Amino acid sequence: MTDRWALAPAEDGGVEIAPLGPDGLLTGPARWAADPAEAVRGRPEVTRWVWRSTAEVYPRLLATGVRVERCYDIEDAETLLLGHEGRYGEPRSAAAALARLRGGPVPPDPPQRAAEPGSQSLLFEPQSVHVPLADLVEVYADQQRRHDATAHPERMRLLTAAESAGMLVAAEMNRAGLPWSAEVHRRVLHELLGERYAGGGEPRRLAELADEVSDAFGRRVRPDLPADVIKAFAQAGIKVRSTRRWEIESLDHPAVKPLVEYKKLYRIWVAHGWSWLQDWVRDGRFRPEFLAGGTVTGRWVTNGGGGLQIPKVIRRAVVADPGWRLVVADADQMEPRVLAAISRDPGLMEVAGRETDLYQSVSDRAFSGDRAQAKLAVLGAVYGQTSGDGLKNLAALRRRFPKAVAYVDEAARAGEEGRLVRTWLGRTCPPAAGASEDAAEEAGIPQDDPGETVAGGQEWVPGYASTNARARGRFARNFVVQGSAADWTLLLLAALRRTCADLAAELVFFQHDEVIVHCPQEEAEMVVAAIREAAELAARLTFGETPVRFPFTTAVVECYADAK
DNA sequence: AGTTTCGGCGCC
DNA sequence: AAAGGGCGCCGAAACT
């Protein structure tokens, strides 16, 4: 029995709460309390709090030590429901949803803020339009009805609930932060880059490499300026279109080696160097702002500090507190397993029903034991590879796993034709065509350009998909797999969060298919078991009865870098 | 001078 | 070997 209550900050700085019935409507009068924490603490029987925005309310609760079991984030649900209804891009604020219900002018969404280093109030949204509790409940009740109108109401309800849970996890992670040793980080930087010089210029090792590059070209060249490097190669008689590593790596020129090394270290210096440490690490924790469902596929993003792009060498700095451990868990071959679950391809389900290396199994069946080729083929199918060895491999894959390949092919076709494409739980890919083109464009969906030419430089050829239509096809092909994987990971996180709530363990990091739990050493084995159980529960909840297994590789370590 | 885009590369 | 999905970040370059 769920006991749902609505919660809305009041304009006087207090908060209003009220009980809700199964239809989402009020079943009692609203009560006022001076602050949200007091209101929530006073209602321990409430199992789900319904509010406008988790990011608005929850950080303040956490700041006073109040944790909630479940929530329902109205604005997140609005985004998902609008997407499902093919109305991607319409304003998704509660105020806008209310205006649509009442037929008034729909206010545009407030602009997103950028993250600022060291800011302690990244999640507070003071610019948002205030919506009184009674109005909020009206929107909520309408959303309950809209769930019923979706293709799979029970899946859609699971999706909005799961993503709300994800928002709780994100807020809690944002508060916890990732344990980070500034001392180790500095040591790594010094080992890689050498001493820093006064004045903030390049550290010693970069300066040396820049000199080596210049010596090799016989003139002063700045390796961090692509235009300069391209010119220098041209003067040496080598034409390069760019200075991307894969393009210059194979060139026969003495500048290549120091140049490649320079670019690698330069990247560390500018993106994860001393100034990054200064900006993003304090009190022994790195605090990127995790944003659940920050992408159209449902993958999370972080805002600030490049939280999901921590280079391998820098992971040395992620160190557990004394007496504590990091449980680092990585889902094994998540995407092909998800493809097996959603396509129900018998062969792939059988392969994914084992916990052993899936790529090896696929290669045994379709690639004469060549694991690398099998992996390329599977990833090519998921990413939409259109040329090279991938095509040949894709054909082999299609022979053995026809339903799986057909599933992503169909998604690609739907994407090319501008039809709606959905994940397993109903998260919807913005269509390219139709009334919401601007929104799709904004979301990064490739759009047709009236002036474009097809490959080969010809003008439009009837019957051929345009370059952008094909790009949309690849996007949609990947969307169904990546997005359904995101659906599953939300359920995984929600389940894991519940177990951790009974322990001292804290979720501190999540990156697509990888999760880190920080816990006392003696809890580590319990956490490992909890991850396995959470994966099973998530699979059952997300995909229903399926033979597909979702094994994790887990490591109990003191340092993140030791996990692999 | 301030803002946006680009090139390159880190992660999955 | 070659190029296919999703992101964020940085400095430089290209703009207003």
Side-chain angles (χ1 to χ4, degrees), chain A residues 114-115 117 200 202 222-230 240-250 259-260 262-273 275-276 279-280 288-291 293-315 330-335 338-339 372-373 376-394 408 411-412 415 421 423 427 429 443-446 455 467 470-486 489 509-515 560 564:
Chain A
E202 289 179 322
R222 280 191 53 186
D224 57 321
L225 302 183
D228 203 15
V229 173
I230 289 172
V240 287
R241 289 170 47 246
S242 74
T243 64
R244 287 188 174 85
R245 196 171 67 224
W246 62 265
E247 191 165 345
I248 60 172
E249 214 158 33
S250 56
L259 184 57
V260 168
Y262 179 96
K263 287 158 82 75
K264 195 177 110 196
L265 293 177
Y266 177 80
R267 167 77 190 175
I268 299 289
W269 179 50
V270 298
H272 285 91
S275 57
W276 180 93
D279 286 344
W280 297 107
E289 181 190 358
F290 285 93
L291 208 60
T295 73
V296 288
T297 62
R299 273 192 175 185
W300 292 24
V301 295
T302 57
N303 202 341
L308 300 185
Q309 296 98 238
I310 305 167
K312 294 249 162 75
V313 284
I314 299 299
R315 295 179 183 185
D330 204 314
D332 301 331
Q333 311 99 34
M334 175 178 70
E335 291 186 339
V338 166
L339 177 56
Q373 281 218 324
L376 273 182
V378 170
L379 294 180
V382 171
Y383 290 160
Q385 183 157 34
T386 54
S387 63
D389 282 356
L391 271 192
K392 190 177 84 233
N393 292 337
L394 189 60
V408 286
V421 175
T423 67
R427 187 188 306 274
C429 180
I445 311 300
T467 305
R470 285 194 300 273
R472 287 200 305 273
R474 288 192 297 274
F475 188 102
R477 174 189 295 270
N478 180 252
F479 177 87
V480 292
V481 180
Q482 191 186 111
S484 298
T489 55
F509 189 73
F510 170 60
Q511 181 179 37
H512 314 316
D513 63 350
E514 181 180 6
V515 62
Y560 186 17
K564 278 185 199 170

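Everything numeric in this text was worked out from a predicted model, so none of it was measured. Numbered from 1 within each chain, the chains take letters A, B, ... in sequence-line order.
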Between [atom2] of [N] and [atom1] of [X], the distance in whole Å:
X: A/Arg472; N: C/dG4; atom1: CZ; atom2: C1'; result: 17 Å
X: A/Phe290; N: C/dG8; atom1: CZ; atom2: C1'; result: 13 Å
X: A/Leu291; N: C/dC7; atom1: CG; atom2: C1'; result: 12 Å
X: A/Gln482; N: C/dG4; atom1: CD; atom2: C1'; result: 13 Å
X: A/Glu514; N: C/dC7; atom1: CD; atom2: C1'; result: 15 Å
X: A/Ile268; N: C/dC9; atom1: CD1; atom2: P; result: 16 Å
X: A/Leu308; N: C/dC7; atom1: CG; atom2: C1'; result: 8 Å

- Query: Quick check: does any side chain N or O of A/Glu514 sit under 3.5 Å from a backbone N or O of A/Ala331, one acting as donor and the other as acceptor?
  - Reply: no
- Is there a donor-acceptor contact under 3.5 Å from the side chain of A/Thr302 to the main chain of A/Gly306? no
- Nearest-nucleotide comparison on DNA chain C, the residue closer to the 5′ end among A/Trp246 and A/His512: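 It is A/Trp246 whose nearest nucleotide is closer to the 5' end.
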- Using the heavy-atom set of chain A and a strict 4.0 Å cut-off, write down the first and last nucleotide of DNA chain B that makes it in, 5' to 3'.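 Boundary nucleotides touching chain A, in 5' to 3' order, are B/dG7 to B/dC12.
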Have a look at [X] and say if it touches a base, only the backbone sugar-phosphate, or nothing, with a 4.0 Å heavy-atom cut-off.
X: A/Leu379; answer: nothing
X: A/Thr243; answer: sugar-phosphate
X: A/Arg245; answer: sugar-phosphate
X: A/Gly306; answer: sugar-phosphate
X: A/Gln511; answer: sugar-phosphate
X: A/Arg315; answer: sugar-phosphate

- How long is the gap from CD1 on A/Ile314 to OH on A/Tyr560, to the nearest 0.5 Å?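 Atom-to-atom, A/Ile314:CD1 and A/Tyr560:OH are 13.0 Å apart.
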- For the atom pair CZ (A/Arg474) and CZ (A/Arg477), what is the distance rounded to the nearest 0.5 Å?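 The CZ atom of A/Arg474 sits 9.5 Å away from the CZ atom of A/Arg477.
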- Message: Test side chain to side chain contact (heavy atoms under 4.5 Å, CB included) on A/Val480 and A/Thr423; report intermediate values, then the result.
- Response: CA-CA 5 Å; A/Val480 292; A/Thr423 67; over 6 Å; no
Considering all heavy atoms of both residues, which atom of [X] and which atom of [Y] are nearest to each other, and what is their separation?
X: A/Arg241; Y: A/Ile230; value: O-CD1, 3.9 Å
X: A/Gln373; Y: A/Asn393; value: OE1-OD1, 3.6 Å
X: A/Val240; Y: A/Ile248; value: CG1-CG2, 4.3 Å

- So, A/Glu335 and A/Arg299, do they make that salt bridge, N to O below 4.0 Å?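 Between A/Arg299 and A/Glu335 there is a salt bridge, with a charged N closer than 4.0 Å to a carboxylate O.
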- Check whether any side-chain N or O of A/Arg474 sits under 4.0 Å from OP1 or OP2 of C/dG5, and answer yes or no. yes
- Message: Given C/dG6, C/dG4, C/dG8, identify the nucleotide with an atom nearest to the side chain of A/Thr295.
- Response: C/dG6
- Mark this stacking check for A/Tyr383 against C/dG4 as yes or no, applying ring centres under 5.5 Å and ring planes under 30°. no
- Can you check each nucleotide of nucleotides 10-15 of chain C against protein heavy atoms at under 4.0 Å and return B for base, S for sugar-phosphate only, - for none, in 5' to 3' order? SSS---
- Query: Any side-chain heavy atom of A/Tyr262 within less than 4.5 Å of one from A/Arg222?
  - Reply: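 The answer is no; the side chains never approach within 4.5 Å.
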